[in-house]
There are 2 protein chains.
Amino acid sequence: MSTKERLVEAGLRLLESEGPESLNARKLAAEIGASTMTVYTHFGGMAGLYEALVRQAFVQFAQALAAVERTDDAVSDLLTLGLAYRDFASASPQRYRLMFGVTAPGSGIAAPHDLTEEGTPSGIPEASETFGELRKAVQRALDAGRIDGDDSVAIAAQFWSMIHGFVLLEMSGFFGTEGGGVTAVLAPHATNLLMGLGDDQAAVARSAQSARERFGDATTTTRPGPPTADVRRGPRPRTDRKRT
Amino acid sequence: MSTKERLVEAGLRLLESEGPESLNARKLAAEIGASTMTVYTHFGGMAGLYEALVRQAFVQFAQALAAVERTDDAVSDLLTLGLAYRDFASASPQRYRLMFGVTAPGSGIAAPHDLTEEGTPSGIPEASETFGELRKAVQRALDAGRIDGDDSVAIAAQFWSMIHGFVLLEMSGFFGTEGGGVTAVLAPHATNLLMGLGDDQAAVARSAQSARERFGDATTTTRPGPPTADVRRGPRPRTDRKRT
DNA sequence: AACCCTGCCGTAACTATGTTATGGATAGCA
DNA sequence: TGCTATCCATAACATAGTTACGGCAGGGTT
C-alpha cells in the first residue's frame with residue numbers, strides 16, 4: 001500500500017476510533033511512521049487530505065449501497081437501501097458528517113463542496129454515485145408501477161432528504177440513544193411517503209416486512225440501553241378519510 | 001448591552017458576514033474592542049462561546065417560527081412553518097450548521113450536543129422549543145382531522161427529518177444553486193407525506209396554495225444564478241392511481 | 001480612612017497545529 | 001557519470017486557543 005493510501009486509511013481509522021480532533025497532521029503522520037511533510041507531498045495540505053478522505057468514504061458508501069441485493073420487489077429494495085444507508089451512517093457518524101462537508105467554527109477548513117468551481121452541484125463526483133443508486137431504485141419502483149411520477153431524480157431527492165435528515169437528527173440524539181427512531185420515525189415516514197407517491201398500503205406493508213427480514217435485526221442494534229419514552233413506536237394505524 | 005451580549009452578537013454577525021473561519025478569539029475580541037481574555041472571563045473558552053452562540057441562534061429560530069401566524073387551516077400553518085424553517089436556514093447557512101452541532105476535523109470543538117450529560121436528547125434546551133412549535137402544528141392538524149395518527153411527536157419528527165435533510169442538502173448544492181429545490185423537492189415531499197398521513201389531495205393542494213400566498217415569493221429568492229439542469233423543476237403532476 | 005476581597009480585563013507567554021523553506025536520499029535515465 | 005524528479009525529514013514560521021500574572025475599580029469591613 002502506498003504512503004498516500006496508508007494516510008487515507010489511517011485517517012478514516014483514526015476518525016472512527018478517536019474522533020475528528022485526532023485528524024491532525026502530526027498525529028496522522030506519526031500513525032504511519034512519517035513526518036508531517038508527507039501530507040503536503042501527497043495532498044498539498046490538510047484540505048487535500050480531507051477531500052481524499054471524503055472521496056474514499058463515498059467509495060465505501062457506494063459499495064455498501066451497491067451490496068444491497070436487487071429483487072423483483074423494487075419498493076422492498078428501496079427500503080432495504082434506506083436501512084443500509086442508515087446503517088452506514090450509524091457505523092461511523094464522524095465519517096458521515098465528514099462526507100457531507102459540514103464545517104465548524106475555528107477550523108480553517110471549508111466544506112469540501114465549497115472548494116470546487118461554481119455551479120457544480122457537488123464537488124465530489126463520487127457522491128453522485130450514492131445518489132445514483134437511490135435514483136435507480138426509485139426508477140425501478142416507477143417502472144413497476146408501484147409509485148407514480150415522471151421524475152425519478154425529484155422523487156429520489158425526497159427519499160434522500162428524508163433519510164439524510166433522519167440520520168443526522170438521530171446521531172444528534174433527538175430520537176433517543178437506543179436506536180428506536182427507525183421504527184418510530186423513519187419507517188412510518190417511508191411508508192407515508194410511498195403511499196403519498198401512490199403505492200398501496202398493503203403492498204407497502206409487505207415490502208416493509210420484506211426489507212426488515214432481508215436486513216435482519218441490524219436496524220435496532222445501535223447501542224444497548226434502557227428503554228425511553230421519548231418517542232412512541234409502532235406504525236400509525238390508517239383510518240378512513242375525514243374530509244372537511 | 002453587556003460585554004457578554006456584545007460578544008454573542010458580534011459572533012453571530014461575523015459568522016454570517018465573514019464565515020465560520022472568522023469566529024476566532026482574536027478577531028472576535030477586536031470586533032468589540034477588547035482582548036481575548038474576555039472570552040475566558042465570560043465563557044470559559046471558545047467552546048463556551050460557541051454554546052452561547054448556539055443558544056442564541058435557537059432563540060432566534062424559535063422566534064422566527066413563532067412569528068408564523070396561526071390560522072384555521074392547520075395544514076397551511078404547518079406548510080408555512082416549513083417555509084419559514086427553510087427561510088431561516090437559508091438566511092444564514094453557517095448559523096444553521098452551527099446550531100446542529102456539526103463538527104469538523106481539525107477543530108478541537110466537539111458538537112455542542114456532545115458536551116452534555118449522557119442520556120439527554122439534546123444538550124441545548126432552547127432546541128426543544130423549535131421542535132415544540134412543529135409538534136403543536138402537527139397536533140392541530142391531527143385535531144382538525146386532516147391527518148391520522150395518535151402520536152404528534154413521531155409525526156412531527158417525520159416533518160423535521162424531511163425539512164432538516166432538505167435544508168442541508170440544499171445548502172450543500174445538491175439541488176442546484178438557484179433555490180429551485182423547494183418547488184421540485186420539498187413541496188412535493190410535503191404533499192406526499194401529508195397524503196400518506198391521510199390528508200386529501202385537493203385539501204393539500206388548497207393548503208399548499210395558501211401557504212405559498214402567505215409566505216409570498218420569498219421561497220425562491222435565495223441567490224440569483226444561471227439555471228442548471230441538475231434537478232428538473234415544477235411540481236410533479238399527480239396521476240391516477242395505478243393499482244397492481 | 002485604611003484595608004481587603006472580588007470581578008473584569010490587558011499584556012505577554014505557552015502550546016498545538018497548519019504550513020513552508022531547505023536539503024538529502026533514492027530511482028530512473030541519457 | 002551526471003541530471004532530474006520524486007519523496008521525505010528537519011527545522012522554523014504563522015496562527016489560534018489558552019494560561020499566568022498583574023492592574024484597576026467598586027464595594028464592604030474594620
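The sequence lines fix the lettering, A, B, ..., with proteins before strands; numbering per chain opens at 1. The shown structure was predicted, so the numbers you read here are calculated from the model rather than taken from an experiment.
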Rounded to the nearest Å, what distance is computed from the [atom1] atom of residue [X] to the [atom2] atom of nucleotide [N]?
X     : N      : atom1 : atom2 : value
A:N24 : C:dT15 : CG    : P     : 17 Å
A:L49 : C:dG18 : CG    : P     : 10 Å
B:E21 : D:dG17 : CD    : C1'   : 17 Å
B:R26 : D:dA16 : CZ    : C1'   : 5 Å
B:M46 : D:dA16 : CE    : C1'   : 9 Å
A:L7  : C:dG18 : CG    : P     : 13 Å
A:L28 : C:dA16 : CG    : P     : 18 Å
A:K4  : D:dT6  : NZ    : C1'   : 13 Å

Given the rule that a pair is Watson-Crick or G-U wobble with both distances under 3.5 Å, how would you write DNA chain D in dot-bracket, using | for pairs to a different strand? ||||||||||||||||||||||||||||||

Just to verify, what does [X] make a side-chain contact (heavy atoms from CB on, under 4.5 Å) with, not counting sequence neighbours?
X      : value
A:A52  : A:V8, A:F43
B:A84  : B:L65, B:V68, B:F215
B:E18  : B:L14, B:S22, B:K27
A:E129 : A:A62

Residue list, ring pair (Phe, Tyr, Trp, His ring centres under 6.0 Å) with B:H164, at least two apart or on another chain: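 Residues passing ring pair (Phe, Tyr, Trp, His ring centres under 6.0 Å) with B:H164: B:Y96, B:F100.
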
What residues form a side chain to side chain donor-acceptor pair (under 3.5 Å) with A:Q56, not counting sequence neighbours?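 For A:Q56 there are no side chain to side chain donor-acceptor pair (under 3.5 Å) partners, ignoring immediate neighbours.
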
Considering all heavy atoms of both residues, which atom of A:A57 and which atom of A:M99 are nearest to each other, and what is their separation?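 Residues A:A57 and A:M99, closest heavy atoms: CB-CG, 3.4 Å.
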
Could you give all pairs that pass the side-chain hydrogen bond (donor to acceptor under 3.5 Å, both in side chains) test and reach residues 29-40 of chain B, with sequence neighbours left out?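 As it turns out, the side-chain hydrogen bond (donor to acceptor under 3.5 Å, both in side chains) pairs with a partner in residues 29-40 of chain B, which skip direct neighbours, are B:R13-B:E31.
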
Quick check for you: among C:dT20, D:dA12, D:dG17, whose closest atom lies nearest to any side-chain atom of B:Y40?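 The answer is D:dG17, which lies nearest to the side chain.
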
Any protein N or O atoms within reach of nucleotides 8-12 of chain C? Criterion: under 3.5 Å, listing atom names and distances.
unit_1, atom_1, unit_2, atom_2, d
C:dC9, OP1, B:T3, OG1, 3.1
C:dC9, OP2, B:H42, NE2, 2.5
C:dG10, OP2, B:S35, N, 2.8
C:dG10, OP2, B:S35, OG, 2.6

So, A:F174 versus B:W160, ring centres under 6.0 angstrom or not? yes

